[in-house]
Amino acid sequence: MSLTSSLQALKSRFKLSERMPTLFLGHGSPMNAIEHNQYSQSWKDLGRSLPKPQAILVISAHWMTNGTTLVDVSAVPRTIHDFYGFPEQLNNKQYPANGHPGLAKEVAAMLATFNVNTDESWGLDHGAWSVLDSLFSRCGRARFSAIDRFNQRFAMAL
């Protein structure tokens with residue numbers, strides 16, 4: 001089955017909902033996760049304008065691997081604090097997202113041609129959770145699947 005066919009089959013299993021956009025969001029300073037400013041407010045405003053997601057696929061560009069693309073399949077992806085020199089308040093911030101292991105494993109299988117492996121040890125880096133905390137705070141915690149480290153071939157195809 002082609003990737004397009006696989007994605008269509010996956011899509012057909014979700015309940016019908018309003019169309020969700022594909023978003024590219026740059027996080028700016030990690031401090032935006034704890035400060036009330038133009039960035040965090042714009043993410044909150046955007047989140048209020050969107051329907052509640054059934055699931056979210058995060059593709060983070062924070063980590064590049066040497067030949068392997070990794071998909072996080074953990075039930076509760078950990079909050080990664082991949083920065084240094086910031087206040088303790090930011091280092092203590094947690095984003096206890098609900099993972100979606102089943103969906104994540106399906107996504108990994110669909111992307112098999114990109115040398116994909118599943119992983120339960122990584123989680124959501126600050127490039128993901130710092131934005132999502134503001135963007136979808138009204139939703140509770142949406143279920144996540146994260147492609148968190150990927151190889152150059154995957155990045156170029158994306």
Side-chain angles (χ1 to χ4, degrees), residues 7 10-11 14-15 17-65 68-108 110-111 114 116-152 154-158:
L7 289 171
L10 178 64
K11 176 184 159 189
F14 282 94
K15 66 181 179 182
S17 63
E18 293 181 58
R19 188 170 203 68
M20 294 291 289
T22 299
L23 301 173
F24 171 84
L25 300 168
H27 62 77
S29 168
M31 290 297 291
N32 292 327
I34 61 171
E35 292 178 341
H36 180 75
N37 58 36
Q38 181 181 358
Y39 287 100
S40 59
Q41 187 59 50
S42 67
W43 296 330
K44 287 178 181 167
D45 293 345
L46 176 60
R48 281 191 289 273
S49 74
L50 298 171
K52 182 177 178 178
Q54 294 179 50
I56 298 172
L57 175 64
V58 173
I59 302 174
S60 174
H62 267 240
W63 304 95
M64 187 73 83
T65 64
T68 304
T69 295
L70 298 170
V71 177
D72 188 304
V73 296
S74 56
V76 181
R78 70 184 179 96
T79 304
I80 299 172
H81 298 88
D82 52 331
F83 44 72
Y84 303 95
F86 288 93
E88 189 173 340
Q89 180 186 5
L90 183 59
N91 290 314
N92 291 334
K93 179 117 174 109
Q94 294 294 309
Y95 187 70
N98 294 314
H100 198 318
L103 178 61
K105 289 173 185 173
E106 285 186 64
V107 168
M110 287 178 206
L111 300 173
F114 293 101
V116 169
N117 289 313
T118 58
D119 178 76
E120 292 188 43
S121 66
W122 200 245
L124 294 171
D125 63 54
H126 81 273
W129 65 259
S130 65
V131 175
L132 293 167
D133 189 46
S134 292
L135 190 65
F136 292 115
S137 59
R138 69 177 172 75
C139 298
R141 299 290 184 221
R143 298 191 67 184
F144 285 87
S145 174
I147 299 173
D148 51 29
R149 293 167 283 173
F150 51 86
N151 62 34
Q152 185 176 14
F154 176 81
M156 297 305 291
L158 186 62

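As a basis for the values below, the full set of heavy atoms in this structure was taken, side chains included, without hydrogen atoms, waters or symmetry mates.
In terms of heavy-atom proximity, Gly123 sits nearest to Pro77 at CA-CB, 3.8 Å. Listed here is the closest heavy atom pair of Ser74 and Glu120: CB-O, 3.9 Å. Here the closest heavy-atom approach between residue Tyr95 and residue Thr79 is recorded as N-OG1, 2.8 Å.
Between the side chain of Asp125 and the main chain of Ile80, no donor-acceptor pair closer than 3.5 Å is present. For Arg78 (side chain) and Leu124 (main-chain N/O), no donor-acceptor pair under 3.5 Å exists by modelled atom type.
Remark: Ala33 pairs with Leu90, Trp129, Ser130 by the side-chain contact (heavy atoms from CB on, under 4.5 Å) rule, at least two apart or across chains. Every residue two or more places apart in sequence or in another chain that forms a ring-ring contact (aromatic ring centres under 6.0 Å, His included) with Phe83 is listed here: His81, Phe86, His126. Among residues two or more places apart in sequence or in another chain, the side-chain contact (heavy atoms from CB on, under 4.5 Å) test is passed with Asn37 by Asn32, Glu35, Tyr39, Ser40. For Gln41, the side-chain contact (heavy atoms from CB on, under 4.5 Å) partners two or more places apart in sequence, or in a different chain, are His36, Lys44, Asp45, Arg48.
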Inset, instruction - Check the pair Leu132 / Val58 against side chain to side chain contact (heavy atoms under 4.5 Å, CB included), numbers first and verdict last. - result: CA-CA 10 Å; Leu132 293 167; Val58 173; 3.8 Å; yes
Legend entry - Worked verdict on Phe136 versus Ile56 for side chain to side chain contact (heavy atoms under 4.5 Å, CB included): CA-CA 10 Å; Phe136 292 115; Ile56 298 172; 3.6 Å; yes
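For the atom pair Trp43 CH2 and Leu25 CG, the distance stands at 7.5 Å (nearest 0.5 Å). Summarising the geometry, atom OG1 belonging to Thr22 is positioned 9.5 Å from atom CG belonging to Leu57; distances are rounded to the nearest 0.5 Å.
For residues 85-95, the salt bridge (charged side-chain N to carboxylate O under 4.0 Å, His left out) pairs, not counting sequence neighbours, are Lys93-Asp133.
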